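These notes are about the structure you will find just below.
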Amino acid sequence: MEQRVLEMENVRFCGVVTAAVSHEIKNMLAIINETAGLLDDFTRQAEMAKVPLEPERVHDSVAAINRQVRRADGVVRHLNRFAHSADREAETVDLAEIIELFVALTARRAAACGADIQVEPGAAAVKVETNPFLLLHLLWRGLEFALAIIGAGARLRMTVEAGPDGGRGGQLTMRWHAPAAADETGIEFPGACDRELLARLPGKCLLRRQHDGFLLVLP
Amino acid sequence: MRILLVDDEEELVSTLAERLTLRGIDADWAASGEEALALAAQYKYDVAVIDLKMPRISGIDLKKQLAVDHPRLQFIFMSGHGSASTFRSGVDEAGGVDYFLFKPVDINQLLSRVKELVERASGPEWQTTNR
């Protein structure tokens with residue numbers, strides 16, 4: 001695969017992630033906007049009727065704004081971690097942290113397709129030397145493949161385990177439980193781009209398709 | 001005038017509905033396409049304000065279904081898109097849309113769009129009855 005094609009796919013991946021996050025942030029801003037507007041409505045009503053504001057309504061509105069600020073902070077934190085995933089070609093990462101970030105970035109995308117994506121508790125602190133950006137990109141392509149074949153109401157589960165050879169390295173699994181999974185979608189996984197991403201991850205990595213998911217082994 | 005607000009962000013539609021109610025508009029809200037279809041089967045709405053991106057039943061699919069079941073219903077889309085061009089490409093497949101608003105929504109702009117649509121929809125009827 002040409003370098004240029006892979007670079008375009010990397011840019012496309014960045015675009016999809018930032019578009020999804022910006023939509024989420026817009027929603028939070030919209031809620032803050034409406035809640036502030038509601039507070040203003042209450043104030044105007046109180047002024048016109050010359051009655052005091054009801055403290056409980058004010059407290060509820062302030063609590064709603066605070067909730068959205070905390071939610072937005074979480075989303076922006078994840079976006080920041082994603083942006084920094086491209087800082088270095090290789091670094092030591094905790095795989096559990098990577099999939100936690102991955103699920104945070106993609107849960108809404110999965111939900112839009114009627115699927116639920118969750119991380120199952122696995123081995124503690126599995127650290128590998130990898131390129132976090134390329135790894136996230138590869139996982140995203142695996143997710144897009146899964147979303148194309150599973151029907152609404154499907155469950156996607158991700159796990160992290162220590163590597164198979166004496167605990168060195170680690171392995172990531174994505175499995176789906178889909179009552180209406182399609183056999184033929186015309187989409188291939190791993191395709192040429194996925195294999196190229198795999199080849200560019202540091203060390204000798206392995207990606208194996210299984211009937212209900214895939215396994216990624218990292219050295 | 002009765003309007004239906006649909007968005008999977010429950011806090012957004014419930015607050016928007018409360019603000020519209022304070023302005024004398026009958027506003028109901030639904031947090032999913034399924035809930036919206038159930039409400040529309042129960043009550044007669046003049047305008048549906050629908051979020052474009054929703055899980056399971058998307059805003060576009062909901063609009064298509066509501067338009068078949070309730071031919072006189074008018075539609076406004078809400079979106080978190082950043083520009084009209086990216087938004088337009090998303091709604092073209094919905095067979096057109098009367099209006100769209102970007103989030104965060106300006107309530108006065110929403111009100112004027114709703115009133116405009118209701119007046120436009122009731123126009124021909126008024127002319128017919130006054131001939």
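As the structure is a prediction and not an experimental result, all values here were calculated from the model. Numbers restart at 1 for each chain; the letters A, B, ... are given by sequence-line order, proteins then strands.
- Counting non-hydrogen atoms of neighbouring residues, nucleotides and ligands closer than 6.0 angstrom, the CZ atom of Arg208(A) reaches no more than 12 such neighbours.
- Heavy-atom neighbours of Gln210(A) CD from other residues, nucleotides or ligands within 6.0 Å: above the threshold of 12.
- Put simply, the side chain of Leu12(B) does not reach to within 4.5 Å of the side chain of Asn33(A), judged on heavy atoms.
- For Asp8(B), the part lying under 4.5 angstrom from a heavy atom of chain A is the side chain only.
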Take Leu22(B) and Leu38(A), measure what side chain to side chain contact (heavy atoms under 4.5 Å, CB included) needs, and give me the verdict at the end.
CA-CA 9 Å; Leu22(B) 287 173; Leu38(A) 186 63; 3.9 Å; yes

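- Counted within 6.0 Å of CD on Gln45(A), heavy atoms from surrounding residues, nucleotides or ligands total more than 12; the atom is thus considered enclosed.
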Show the numbers, then the answer: is there a salt bridge (charged side-chain N to carboxylate O under 4.0 Å, His left out) between Arg108(A) and Glu9(B)?
CA-CA 12 Å; Arg108(A) 205 171 166 87; Glu9(B) 290 285 350; 3.6 Å; yes

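- Taken from CE in Met78(B) to CG in Asn27(A), the straight-line distance is 8.5 Å, to the nearest 0.5 Å.
- A distance of 7.5 Å separates NZ of Lys26(A) from OG of Ser79(B), quoted to the nearest 0.5 Å.
- Few gaps surround CD on Gln109(B); more than 12 heavy atoms of other groups in view lie less than 6.0 Å from it.
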Residues Glu18(B), Asp41(A); criterion side chain to side chain contact (heavy atoms under 4.5 Å, CB included); working and verdict
CA-CA 10 Å; Glu18(B) 189 172 358; Asp41(A) 292 345; over 6 Å; no

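- Side-chain contact between Arg67(A) and Glu11(B): present, with at least one pair of heavy atoms (C-beta onward) separated by less than 4.5 Å.
- Across Pro104(B) and Ala30(A), no two heavy atoms sit closer than the pair CB-CA, 3.8 Å.
- Residues Glu34(A) and Val105(B) are in side-chain contact: their nearest non-hydrogen atoms beyond the backbone lie under 4.5 Å apart.
- For CD of Glu91(A), the number of neighbouring non-hydrogen atoms (other residues, nucleotides, ligands) closer than 6.0 Å is greater than 12.
- Residue Glu24(A) does not touch chain B at all, counting heavy-atom pairs closer than 4.5 Å.
- In terms of heavy-atom pairs under 4.5 angstrom with chain B, the leader among Ser61(A), Ala110(A), Ala19(A), Gly37(A) is Gly37(A).
- Residue Arg44(A) qualifies as open at atom CZ: its count of foreign heavy atoms under 6.0 Å is 12 or below.
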